[in-house]
Amino acid sequence: MKWEVVIGLETHAQLSTASKIFSGAPTAFGAAPNTQASAVDIALPGVLPVANRGAVERAIRFGLAVGATINRRSVFARKNYFYPDLPKGYQISQYEIPVVAGGHVAIVSPTRGEVEVRLTRAHLEEDAGKSLHEDFHGMTGIDLNRAGTPLLEIVTEPDLTSSDEAVAYAKALHALVRWIGICDGNMQEGSFRCDANVSVRRPGAPLGTRCEIKNLNSFRFMQDAIDFEVRRQIELIGDGGTVVQETRLYDPDRRETRSMRSKEDAQDYRYFPDPDLPPLVIGEDWIARVKGEMPELPEAMKHRFVRDYALPAADAAALTTSRELAAYFEAAAGAAGGEAKAVANWMLGELAAALNRAELDIAHSPVAAGQLAGLLKRIADGTISGKIAKDVFDAMWAGEAHGDDAADAIIATKGLRQISDTGAIERIVDDAIAANPAIVAEYKAGKDKAFNSLVGKVMAASKGKANPAQVNAILKKKLG
Ligand code: ADP
Ligand code: MG
């Protein structure tokens, strides 16, 4: 009997405002503990929170980007609970009426193809402080700098059916929030973290009981945690047990989830509208302005790349994972004229590997878009072979020449121009045949592999510069 996996994700994206969501205290990461928590952030008696316009605007931008409804009137509510990192005793969030309702994020599922993941809602809320367990022997430290940091909590419908899909969604969302400039996406610093709700059921059965795995801050951990949790639930039910609804934590060292607390219900929090904050009212003009300032979105750009540059969908998707990458592609493809597929191949192959090795992002690539284009033009016009081009690329990477003509300069100084002169190639082929009688004999005895070995000898003798197509043709002719 088969099992179906059902997953819904809740993502906390930290909004990239300079100040907190209800106070003027700074949000910068890494300050000395408790130096950035203002009286408002910890709700000392007599303070009044004021909503941060920048945080609201980022929520609007998100709502527009995912095709959601922007509620013209939403309400901040108090979510009451006790925890050492929340001395105020409640978190300001949105409950009954969130600022963003509905919408969807497109993903490519390995099993189902293109899928639109439905969003339930996205609401504004403040972050709590942080408990510090390291460096305190037998005690816990509390750092309230993070208290009041603006978050957008983005909730999906239970539409995801595997850990692969959950990761695909999380990556698409991560790319999107950075694309529209509302979150820096720094997962190590906790700026983008996900909770995964996981359940299993028999096909056609009603939804099973879910467990929520908290605070997944890497895509790898998300995949592992969900896979572990699915196995755990299936085994549990198979052994006659039942899944209890609870909150679990993922332990990356042991690669397992374990119970943290039983799941609280909404009523446990006694939500009520915050009397200190008026309803959040968003006018049409504000929405229109944000819409006007919206960049072209990755989905639209992806389709345009397929249409205008004749790229395969997978290449177009890979090149639209960040605005910087997409901009580099358009600059290089424009300069290389008609070599868009070659630009994509090099960007996703050689260049991506080099950037990875050097731990650089595309914006800091030592090889600029114009330089890559200059190189690809020389492959296209036959000046150099694809193989030599890799050496030219390495030389450009090392900074051996500068400017858009860097490839030409390197080809000239290093004498890398491809040999396409038939007479010259014939001479090298003759020499190779004369110098390798044993291989020639093998070839004549019917060993096809010997031919490739002779091609290798010719290419080596020409220092890789002979035109490979001509070498093949001439060698074939000479060997009869
Ligand atoms: P809560 O407010 O307690 O976190 P919600 O009902 O808002 O609960 O759901 C939170 C997330 O859990 C949503 O992403 C939703 O899609 C998902 N979810 C709800 N029921 C299930 C289920 N049976 N299996 C998997 N995910 C679920
Ligand atoms: Mg939840």
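Here, residue 1 is the first one in the sequence, and each next residue gets the next number. Order of listing sets the numbers, starting from 1, for every ligand and every atom in it.
- Relative to atom 9 (O) of ligand 1, the option among Arg121, Arg210, Arg118, Arg201 with the closest non-hydrogen atom is Arg210.
- Neither the backbone nor the side chain of Asp159 comes within contact range of ligand 1; no heavy atom lies under 4.0 Å.
- The shortest N or O to N or O distance between Ile7 and ligand 1 is not below 3.5 Å.
- Contact annotation: the side chain of Ile213 never approaches that of Leu249 to less than 4.5 Å [non-hydrogen atoms, C-beta and beyond].
- For the pair Glu212 and ligand 1, the shortest N or O to N or O distance does not fall below 3.5 Å.
- Ligand-side atoms of ligand 1 in range of Val155: 13 (C), 14 (O), range being under 4.0 angstrom from any heavy atom.
- Centroid-to-centroid, the aromatic rings of Tyr269 and Tyr90 stay 6.0 Å apart or farther.
- Counting heavy atoms closer than 4.0 Å to ligand 1, residue Glu10 contributes side-chain atoms (C-beta onward) but none from N, CA, C or O.
- Here is the list of ligand 1 atoms found below 4.0 Å of a heavy atom in Thr156: 13 (C), 14 (O), 15 (C), 16 (O).
- Considering both main-chain and side-chain atoms, Gly208 comes within under 3.5 Å of ligand 1 through a nitrogen or oxygen pair.
- At a heavy-atom cutoff of 4.0 Å, ligand 1 is contacted by both the backbone and the side chain of Val6.
- Taking the centre and axis of the six-membered ring of Trp3, the NZ or CZ atom of Arg202 falls inside the cone set by 45° and 6.0 Å.
- Phe305 is listed as a side-chain neighbour of Glu330, based on a closest heavy-atom distance under 4.5 Å.
- For ligand 1, the polar-atom distance check against Asn197 finds a nitrogen or oxygen pair separated by under 3.5 Å.
- In the vicinity of Glu157, heavy-atom distances shorter than 4.0 Å reach the ligand 1 atoms 16 (O).
- Thr27 approaches Thr17 most closely through the heavy-atom pair OG1-O, 2.7 Å.
- At a threshold of 4.0 Å, the pair Glu212-Lys214 counts as salt-bridged, since one of the basic side-chain nitrogens sits closer than that to a carboxylate oxygen.
- Annotation: cation-pi pair Lys79/Tyr95 absent, no NZ/CZ under 6.0 Å from the ring centroid and within 45° of its normal.
- Between Arg72 and Glu284, at least one side-chain N (NZ, or NE/NH1/NH2) sits under 4.0 Å from a carboxylate O, which counts as a salt bridge.
- Contact atoms of ligand 1 toward Leu207: 23 (N) (distance under 4.0 Å to a heavy atom of the residue).
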